[in-house]
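Worksheet: the structure to be examined is printed underneath.
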Amino acid sequence: MAQKWHDLRRIGTLAWARRPEGPPADFSGSGIGGSSLNLQRFASADEKERRADIRNIAIIAHVDHGKTTLVDAMLRQSGVFRENQQVSERVMDRNELERERGITILAKNTAVVYREHTINIVDTPGHADFSGEVERILSMVDGALLVVDAAEGPMPQTRYVLRKALEQHLRPIVFINKIDRAEADPAAALDGVIDLFIALGAGEDQLEFPVLYGSGRAGTASLDANAPGQDLRPLFETILDAVPGPTAMSGPLQMLVSSLDYDDYLGRIALGRIHRGELQPGQTVTVLHRDQSQSQGKIAKLFVFRGLERVAVERAEAGQIVALSGLSNVFVGETIADVLEPEALPGLVVDEPTLTMTFRVNDSPFSGREGRYVTSRHLRDRLWRELERNVALRVEETDSPDAFVVAGRGELHLSILIETMRREGYELAVSRPEVILRGSGDGVEEPYEELVVDVPEAYVGAVMEGVGRRRGELVDMTPMAGEGRRLVFRIPSRGLIGYRGEFLTSTKGYGTMHHVLLGYAPAGSPPPRRSRGSLVASETGDATSYALDQLADRGAFFITPQTPVYRGQVVGEHTREKDLDLNVCKRKHVTNVRNATAEEAIRLQPARILSLEDALEFLADDELLEVTPQNLRLRKATLDAEERHKQIKARQKAAENQG
């Protein structure tokens, strides 16, 4: 214990002095006095270049650690809403998919006024698949509020978002959330945070972070875990003291576009922070594009944020986060500059994608029945529009005009895009996700991820066996509250494809898993593929109860009676390794002979209805997922059974010749 405290003297004192039990009696650190925070060290060396009336801060956290709920409480207590106003939970999650799934997908801006100071708040996604949203937003802010669950402590996405914040040299504030949970352990959570800061190579000034304890749901914050707060005033005060104001540089205009929005009346809206100079409606500006070209335009409307609303203003200066309309050809990562002295800001640098899928025109027998946009032109235009806003996405054309290779950060990243397009009326077919390998020959590398699993002790063996088959290596195992265990694995990204369903089955739904990219390492042997084959429809028509009942012992079906199917459609999972063609449209022959079982009702096993993520995980290499506004259908890439069998024999013969 003495050695540990000796090491802490070297890295800073503020965080440790705020531990619930406090430092040891022999610990003599500087910078803390009583219950007040001495945060003057965060002040800029040149106060004249900082705006004292503004603070720009991003809220970052692992998914489900209470980040958006905390923003709700900040909005309520700052007077954004009337006392009698009905406000839904997670008011910042305005996207339909966000409210359905309970996660933040898109980064959003809001602002509150506290003691005549404007605090611009950016709510960022907590899931690593949407880390592109985090990366482009951090360029607008000067501080980061790291929210950590008091029971779970730092999780995989906590490491990722914190690393990005430290790389941007942002001033961190740590908020230990959910201290009112029965299993909360604020001291252990803070220990984990400090270990994480050290592991990420935080600078000495970043290690001197202030720590608050509270509950976003209750709307309380305190500097002492043993003295619950009454409201969020300690948090607001800490933001004003710990986060430096934005630089207010005079000179020719510079603004980096960090996000895009669209309004039916105003058209394209660009959001970003003014780094230098000022903006006014009607002002002519130069847009410095990513391809080094330039164009000019005029600012139509200029807005700042007040609560959840955009408020039109006549002038905005350096340091403010603004939204503007009138520039129809501006994109994320480009600079809006002065007409006479255009000077570009460094562009946004985001991590490269790790997963690819092929998006192609839906050519199934049922194509065009449900969607409004079904052609390759529609598909191409939609993907290129997505590139304008989604900086973490990559789209490449192929030799076929009907297929496009789309690369993203993970399965969830791409599935959200697919679901969004589906709801917009698009029909398309997508292939199985594949990881992106780097290098060639003996120098091939593949992405590896850190997988963190929380399971009851009874299922630890099943999880370790399943992850081991996918080339995962156990790194750490720690006990949790009750009889739970936390397992940390290092596993190839392609080993995780299709594992979620197996994990839920092996833990009977009691386990939770999270993963985040670690980096690239030498590629190993491919992980095992799906152990069971597909049940494939051999005829086109409507599925019947009679046929499904007769074939029940062949596997689990994904369809219900009266579901229209076509030849080559995957209708279920086989009990054996190979695929099986069968007729699910077969009807019972009608005769004038009455038998003893004629009046027996058919009792079918419930169908296994696949969600979008389930269907993507189930896909085999020779299968596609047909996506329409109303249905998800698995199908073989080659619908004709005879042609499929010829292709299988050809592949087997080629493998034998190579062997």
Side-chain angles (χ1 to χ4, degrees), residues 39-40 42-60 74 78 107-124 136-145 165 168-173 205 236-259 269-281 283 285 288 299 301-307 309-324 327 330 332-338 341-348:
L39 298 169
Q40 295 302 315
F42 288 126
S44 170
D46 187 355
E47 292 293 346
K48 295 181 180 179
E49 293 185 357
R50 296 283 182 180
R51 293 193 59 167
D53 60 331
I54 294 177
R55 299 294 186 273
N56 299 326
I57 189 168
I59 300 189
I60 58 178
M74 296 175 72
S78 61
K108 302 172 193 68
N109 296 70
T110 186
V112 300
V113 176
Y114 178 78
R115 287 206 296 113
E116 299 182 354
H117 291 76
T118 298
I119 302 176
N120 289 306
I121 303 169
V122 184
D123 184 19
T124 63
R136 66 178 175 82
I137 286 299
L138 292 183
S139 63
M140 295 198 302
V141 299
D142 304 288
L145 178 61
Q168 295 281 345
H169 306 290
L170 303 182
R171 302 291 188 181
I173 299 173
D205 59 336
F236 288 123
E237 293 289 345
T238 303
I239 291 174
L240 296 185
D241 291 339
V243 178
T247 54
M249 299 175 61
S250 59
L253 171 67
Q254 277 186 317
M255 170 182 160
L256 184 67
V257 178
S258 299
S259 182
I269 297 176
L271 290 80
R273 169 178 162 179
I274 303 175
H275 285 259
R276 192 174 67 192
E278 62 181 42
L279 272 174
Q280 297 178 359
Q283 180 178 346
V285 297
L288 303 175
I299 306 299
K301 291 281 188 179
L302 183 64
F303 304 91
V304 296
F305 293 91
R306 290 289 183 271
E309 305 296 330
R310 297 192 188 112
V311 179
V313 294
E314 294 301 319
R315 184 169 175 265
E317 300 175 335
Q320 288 183 278
I321 296 177
V322 300
L324 56 88
L327 304 178
V330 67
V332 172
E334 297 181 343
T335 301
I336 298 174
D338 185 73
E341 300 181 58
E343 184 179 349
L345 288 165
L348 296 174

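Count residues from 1 along the sequence.
- Put simply, the side chain of I57 reaches to within 4.5 Å of the side chain of I121, judged on heavy atoms.
- With rounding to the nearest 0.5 Å, the separation of CE in M140 from CD in Q320 is 13.0 Å.
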Give the C-alpha distance, both sets of side-chain angles, the deciding distance and a yes or no for side chain to side chain contact (heavy atoms under 4.5 Å, CB included) between D123 and T110.
-> CA-CA 8 Å; D123 184 19; T110 186; over 6 Å; no

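- Looking at heavy atoms from C-beta onward, I336 lies in side-chain contact with L253 at the 4.5 angstrom threshold.
- Under the ring pair (Phe, Tyr, Trp, His ring centres under 6.0 Å) criterion, Y114 pairs with F236, sequence neighbours left out.
- When every heavy atom of P244 is checked against every heavy atom of D142, the shortest pair comes out as O-CB, 3.7 Å.
- Contact annotation: the side chain of K301 never approaches that of R310 to less than 4.5 Å [non-hydrogen atoms, C-beta and beyond].
- Going from atom CD of E237 over to atom NE2 of H117 covers 9.0 Å, rounded to the nearest 0.5 Å.
- Distance check, rounded to the nearest 0.5 Å: CE of M255 to CZ of R273 gives 11.5 Å.
- Contact detail for V332 and S258: the closest heavy-atom pair is CG1-O, 3.9 Å.
- Side chains of L240 and R55 form a contact here, defined as non-hydrogen atoms less than 4.5 Å apart.
- Looking at I239 and M74, their side chains come closer than 4.5 Å, going by heavy atoms from C-beta outward.
- Partners of E341 according to the salt bridge (Lys or Arg N to Asp or Glu O under 4.0 Å) rule, which considers only residues two or more places apart in sequence or in another chain, do not exist here.
- Residues satisfying the side-chain contact (heavy atoms from CB on, under 4.5 Å) test with A344, not counting sequence neighbours, are L288, T335.
- Of all heavy-atom pairs spanning E314 and P281, the tightest one is O-CD, 3.3 Å.
- Listed for the N56 side chain is a donor-acceptor partner under 3.5 Å among the backbone atoms of G319.
- Shortest non-hydrogen contact noted between V257 and A270 is CG1-CB, 4.0 Å.
- Using a 4.5 Å heavy-atom threshold, the side chains of V122 and F305 count as separate.
- Considering CG of D53 and OG1 of T118, their distance stands at 6.5 Å, rounded to 0.5 Å.
- Of the inter-residue distances, the one linking L345 atom CG with L256 atom CG reads 5.5 Å to the nearest 0.5 angstrom.
- The main-chain N or O of G143 is never found under 3.5 Å from a side-chain atom of R171 such that the two would form a donor-acceptor pair.
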Would V322 and V313 count as a side chain to side chain contact (heavy atoms under 4.5 Å, CB included) if you check the C-alpha gap in whole Å, the side-chain angles of each, and the deciding distance to 0.1 Å?
-> CA-CA 10 Å; V322 300; V313 294; over 6 Å; no

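- Between the CD1 atom in I321 and the CG atom in N109 there is a gap of 5.5 Å [rounded to 0.5 Å].
- Side chain of E278 to main chain of R315: no donor-acceptor pair is present (N/O by atom type, distance under 3.5 Å, no hydrogens or angles).
- With a 6.0 Å radius and a threshold of 12 heavy atoms from other residues, nucleotides or ligands, E309 has its CD atom at or below the threshold.
- Pairing each heavy atom of P172 with each of L170, the nearest pair is CD-O, 3.2 Å.
- The two residues Q168 and L138 come nearest to each other via the heavy atoms CG-CB, 4.0 Å.
- Between V243 and I173 the shortest side-chain heavy-atom distance falls below 4.5 Å.
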